[in-house]
Visitor: 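I have a structure I would like to understand better, so I am pasting it below and will then ask my questions one at a time.
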Amino acid sequence: MFDPNFEPRIVAFFCNWCTYTASDLAGTSRMTYAPNTRVIRLMCSGRLNPQFVLAAFRQGADGVLIGGCHPGDCHYQEGNYKTMRRVELLKRMVEQMGIEPQRLRLEWIAASEGDKVQRVTNEMVEQIKQLGPLNLDAIPQPEAGEQLEAVAAAEGVA
Amino acid sequence: MIFPDQEANRDVRIGVYICHCGSNIAGKVDVQDVAAFAQGLPNVVVSTTYKFMCSDPGQELIQNDIKEHQLTRVVVAACSPLMHETTFRKAAAAAGLNPFYVQIANIREHVSWVTATRDLATEKAKAMIAAAVERVALHTALERKQVDVHPDALVVGGGIAGIHAALTMANAGKKVYLVERDPSIGGHMAQLDKTFPTLDCSACILTPKMTDVKGHPNITLWAYSEVTAVEGFAGNFTVTVKRKPRYVNEDLCVGCDECIEGCVFKDGRVADEFNAGLSKRKPIYKPFPQATPSTVVIDPEACLMLSKGKCKQGCVEACERGALDFQQQTRYEQIDVGAIILATGYQTFDAGRMPEYGYGRLDNVLTSLEVERMVTSSGPTDGHIVCKDGTPPKSVGIVHCVGSRDKKHNAYCSKVCCMYSLKLAHLIKEHTGADVFNFYIDMRTPGKGYDEFYDRLLNEGVQFVRGRVAEVTDWAMTPEEEGKLVIRAEDTLIGTARRIPVDMVVLSVGLEPQADAEEVRRIFNIGCGKEGWFMERHPKLAPVSTFTDGVFVAGCCQGPKDIPDTVAQAGAAAAEALAMIDKGFVEIEPNTASVDADLCSGCKTCLPLCPFTAITRNEDQGVAQINEALCKGCGTCVAACPSGAIQQNLFTDEQIYQEIEGVLEYV
C-alpha cells in the first residue's frame, strides 16, 4: 500500500497577517521544506468557507492545511475562533464521507514562526505520505463525489 | 466549475510576467520553462520573463504590453505580494489598467527560497502561476476608498522614546496625548546616573526635555494613566484611557512637598520603586525631585486614610492649597486620534531567576540598576557606592550577560550591557578606587565612540576576565576568601578556572519585554516576536511600522537598544506618523464585504460574527446590510452565509474556487 514515490498535493489556506507572513519569513530565512503545499492567501482564516476544503479534496488534493493566528492574536479579533469551530465540525463530516480527518489540519502560526511553517509542512507531508493518495472513487457508496456535491449544496456547515 | 462571471470575462487578455529576481528566483526555478507553460494557460496572451520585474524597465515592459497587447489582466510571478503588490498595481494603473486587475504569484518566498531542487521548485512555481491566472480572470475593477485622518496623535509611554516622539510631533504643530502609567514621565533614563560613552549626566540631558513636555501647548500629558481600549483603524482611532486616582488634585498641587513632610509617618514605609527598592518612601510621595508632572501621589495600599479609613491626616493639614482629595476616583477618558506611537519600554531581567549568582540571598550582590541608583548623587546613598555595612568596597566584580545570551533564559544579546558595565566599572573606580573585574563572554562595543571607551577602560586598569561566571558564593576555601564573595569563573584566555574574591558583585542584567507586553499588544492589535518584543512590519524597511496601519513603535518595546538608537527610532516613528497625518487621508484596501439583498434570507447568521458591528439588519427589507466604512475585510461573515449572499471584494468565493482549481489542475 505504502508508495515511497507518492508525492501528496496539499492545498494550504493561510491568513494574511500571521501564517502567510510566517511563510514569507521561512522564505527569507531560507528554510527548505517539502514542496508539496500550494498556498492560497486569505485575509483571515475566518474567510475559510468549509466548502473550499471540500472543493480542494474533490479536485484532487490529498490534504488541506489551514493556518491562522494564535488564539487571541487575530488581526480581526476573533476570526480564528470561528475557524476553529468550523474545522472541528468539518473534520467529523469528512470522516463520515470516508476521508481520514488527518488529511485536514489546522495550525496556529504567528508571523514570527517561520520555523513552524517548515515543521508543520514537513510533518503534514510525511503524514499524508503514510495515508497514501486520497482516492475518492475508492470510497464505498454512496458516491463520495456526489456526497461532497450534496454537502456543498446544503451549505450548512457554518 | 463555471460561474456566470466567466461568461462575461471571455475577453480576458492576460499577461504573465515572471521575475528572475537576479538569481533569487531564476537560480532555483527554470523561468523559461515556466514562461512557456504559462503561455499555454487559458486567456494568456503574453508570457515573458525579466531580470528584475520591479525595476523601472521591468515595469515599463508590463506597461508597454498592456498597451500593445490590449491586456486586461496582469499576473506577476515574483516575490511576496506583501513586498511588491503595490508596486505592480501602481505600474498597471499608470498604463490605464485598474490596479485590482493585477495578481501576484509568490514564487520567491514560497517557492525558490524554500524548495530543495530545481525540478520541484519549477513545478511548484507553475502551479502557483496557474492559480493566479485562473483567479485573475474573475477580478473586477475596484476603487480604493479615501478616509480622512484625525490630526491628533497618541504616544504611549513617557520614557525618552515617548518624550522625543511626542515633542517632535508637537513641534510640528500636532496635538499630542502622552500617556504614561507611572506617576512621572522619564522612564529608565531618569534612573541612570551617567550615559555612555560621553559620561554626560543622564538627568541633565533628560530633564529639560521633560520640562518641555510639561510646558508644551500642544501636548496633553496624562501621567499615572493607562490605555485600556483602542477601537477604529488607521487615521481614526478611538482610545479609552484609564486615569488612576492620585488622590491629589493635579490642578491645585504645586509640588511643594509640604504634604510629604506632614505625613504621619516620619520615615519611609514602602520600598521606593525609583531607587530600585534600595530606600523606603512614604505613602504620599513624589517619585524623584524632577518628577513631571511634579504632582505628588498617594499609594492607597500604604496610606492609613485610604486603607484603614482613619488617620490624623497630617498631609491635609500641611497643604495650604487644599489639593488633597481622598474621594478621587478612577476616571475614563475617550480621545480620538489618527496615529499611535507605542514606546512602552522594557523591564530588566530578574536576577533572582539565576540562583547561582546569589541575588537576594547573599549580601552585596546587586543588580546594575541598583548600583546605578547608588552612584547617583540624589540616590539612596547620596552617591556613595557602599556595601551593606556602609563601607566602600575594595574590590568589585561585574558579571556581564546576566539573563542574556543564555539559552536557559534569553538567547538574545541585550545590546547595552557591555557598554553600561564599562560605564559602571569607570564610575566605581572613580568613586571608590576599588579593583574592578569585568567577567564577559565577548565585549560588544560597536557604536560611535564606544570602542574608544572600552580602550579607555583598559588603560584605567580595570581587569577583564573572559568567561561566563559559574557561581557567586560566600564559601571560602582560603583565608583570603573569608568574609568575601567569591566569583567562580572560567578564564578562557588562559584556559583555567579561577576564584576571585570581591566585596561586591554587580549583575549586569539584560533587557526583557515588559511583563504585560502581551496584553498591551492585544489592546493595540499588533504582533510580538518569539521573545515578546513588539514586532515591526519589516525588520529593515519598515522598522517603526507595525502590521496595524497607523500604529508605530519606538524604543526598547521593539527590542533592546541604547539611548541614541532609541531617540533616533522615536524620531523616525514621529516622522512616519506625521507623514500619515499630513497626507490628510488614508486609502483603504477595497476588500470589504457586501450583501446581495436578492439572495439574503434574513437569517441573521452573520450579525453576531462581525467583531466590528459592521453588519446590521435592514428591518424594512428583512435583509442584512454591511456598513462599508466599518467593515475591515476579514471575510468571516462571507464564509458563514448559508445563502451565499455575502461576497468579499478581492476574495470572492468564485475567485478562490478558481485558485484551488488552478493549483491542482495543471501540474
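Chain letters run A, B, ... following the sequence lines, proteins first and then strands; every chain starts at 1. All of these numbers come straight from a predicted model, not from anything done at the bench.
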Visitor: Taking side chain as everything from C-beta outward and backbone as N, CA, C, O, which of these in B:Thr548 sits under 4.5 Å from a heavy atom of chain A? Side chain, backbone, both or neither.
Guide: both
Visitor: Identify which part of A:Arg30 has an atom lying under 4.5 Å from any heavy atom of chain B, answering side chain, backbone, both or neither.
Guide: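 When you check distances to chain B, atoms from both the backbone and side chain of A:Arg30 fall under 4.5 Å.
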Visitor: Closest heavy-atom contact between B:Tyr657 and A:Phe52?
Guide: CE2-CD2, 3.7 Å
Visitor: Please classify the contact between B:Ala116 and chain A as side chain, backbone, both or neither, with a heavy-atom cut-off of under 4.5 Å.
Guide: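 The answer is both parts of B:Ala116.
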Visitor: So which part of A:Asp115 gets closer than 4.5 Å to some heavy atom of chain B, the side chain, the backbone, both or neither?
Guide: side chain
Visitor: So, do A:Ser112 and B:Met535 sit near enough that their side-chain heavy atoms are less than 4.5 Å apart?
Guide: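 A:Ser112 reaches B:Met535 side chain to side chain.
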Visitor: What orientation do A:Tyr20 and B:His110 show, parallel under 30°, tilted 30 to 60°, or perpendicular over 60°?
Guide: tilted
Visitor: If we define contacts as heavy-atom pairs under 4.5 Å, which of A:Ser45, A:Ala56, A:Ser29 has the most with chain B?
Guide: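 Of the candidates given, the most pairs with chain B belong to A:Ala56.
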Visitor: Heavy-atom cut-off 4.5 Å, strictly under: side chain, backbone, both or neither for A:Ala110 against chain B?
Guide: neither
Visitor: Could you look at B:Glu518 and say if it's the side chain, the backbone, both or neither that has a heavy atom under 4.5 Å from chain A?
Guide: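 Contact with chain A involves the side chain of B:Glu518 alone.
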Visitor: Name the region of A:Leu48, side chain, backbone, both or neither, that has any atom closer than 4.5 Å to a heavy atom of chain B.
Guide: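 For A:Leu48, the backbone is the part near chain B, not the side chain.
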Visitor: Could you tell me whether A:Asp24 and B:Arg108 make a salt bridge, using a distance below 4.0 angstrom between a side-chain N and a carboxylate O?
Guide: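 Salt bridge absent between A:Asp24 and B:Arg108.
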Visitor: Please look at A:Leu25 and chain B and tell me whether the side chain, the backbone, both or neither of the residue comes under 4.5 angstrom of a heavy atom of that chain.
Guide: neither
Visitor: Shorter than 4.5 Å, heavy atoms on both sides: which option in A:Val11, A:Asp73, A:Val117 has the most such pairs with chain B?
Guide: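 Going by pairs under 4.5 Å, I would pick A:Asp73.
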Visitor: Looking at B:Glu628, I'd like to know if its CD atom is crowded, meaning that more than 12 non-hydrogen atoms belonging to other residues, nucleotides or ligands lie closer than 6.0 Å.
Guide: no
Visitor: Identify which part of A:Thr37 has an atom lying under 4.5 Å from any heavy atom of chain B, answering side chain, backbone, both or neither.
Guide: both
Visitor: Step by step, work out the side-chain contact (heavy atoms from CB on, under 4.5 Å) result for A:Gln51 and B:Ile656.
Guide: CA-CA 11 Å; A:Gln51 293 176 67; B:Ile656 296 164; over 6 Å; no
Visitor: Between A:Cys18 and chain B, with a heavy-atom cut-off of 4.5 Å, which part of the residue counts as in contact: side chain, backbone, both or neither?
Guide: neither
Visitor: What verdict does the side-chain contact (heavy atoms from CB on, under 4.5 Å) test give for A:Met43 and B:Gln648, after you've listed the backbone C-alpha separation in whole Å, the side-chain angles of each residue and the deciding distance to 0.1 Å?
Guide: CA-CA 10 Å; A:Met43 291 312 287; B:Gln648 183 187 8; 4.0 Å; yes
Visitor: With only heavy atoms counted, which part of A:Val39 is less than 4.5 Å from chain B, the side chain, the backbone, both or neither?
Guide: both
Visitor: Quick check on B:Cys528 against chain A: is it the side chain, the backbone, both or neither that has a heavy atom closer than 4.5 Å?
Guide: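 For B:Cys528, the contact with chain A is made by the backbone alone.
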Visitor: Does the pair A:Gln77 and B:Asn525 meet the rule for a side-chain contact (heavy atoms from CB on, under 4.5 Å), with working shown?
Guide: CA-CA 8 Å; A:Gln77 298 180 13; B:Asn525 197 17; 5.6 Å; no
Visitor: Against chain B, work out which of A:Gly72, A:Cys15, A:Ala34, A:Ala26 has the most heavy-atom pairs shorter than 4.5 Å and name it.
Guide: A:Gly72
Visitor: Tell me, side chain or backbone of B:Leu650 under 4.5 Å from chain A's heavy atoms, or both, or neither?
Guide: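 Nothing of B:Leu650, per the 4.5 Å heavy-atom cut-off to chain A.
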Visitor: Search all heavy atoms of A:Arg41 against all heavy atoms of B:Phe651 and return the closest pair with its distance.
Guide: O-CE2, 3.1 Å
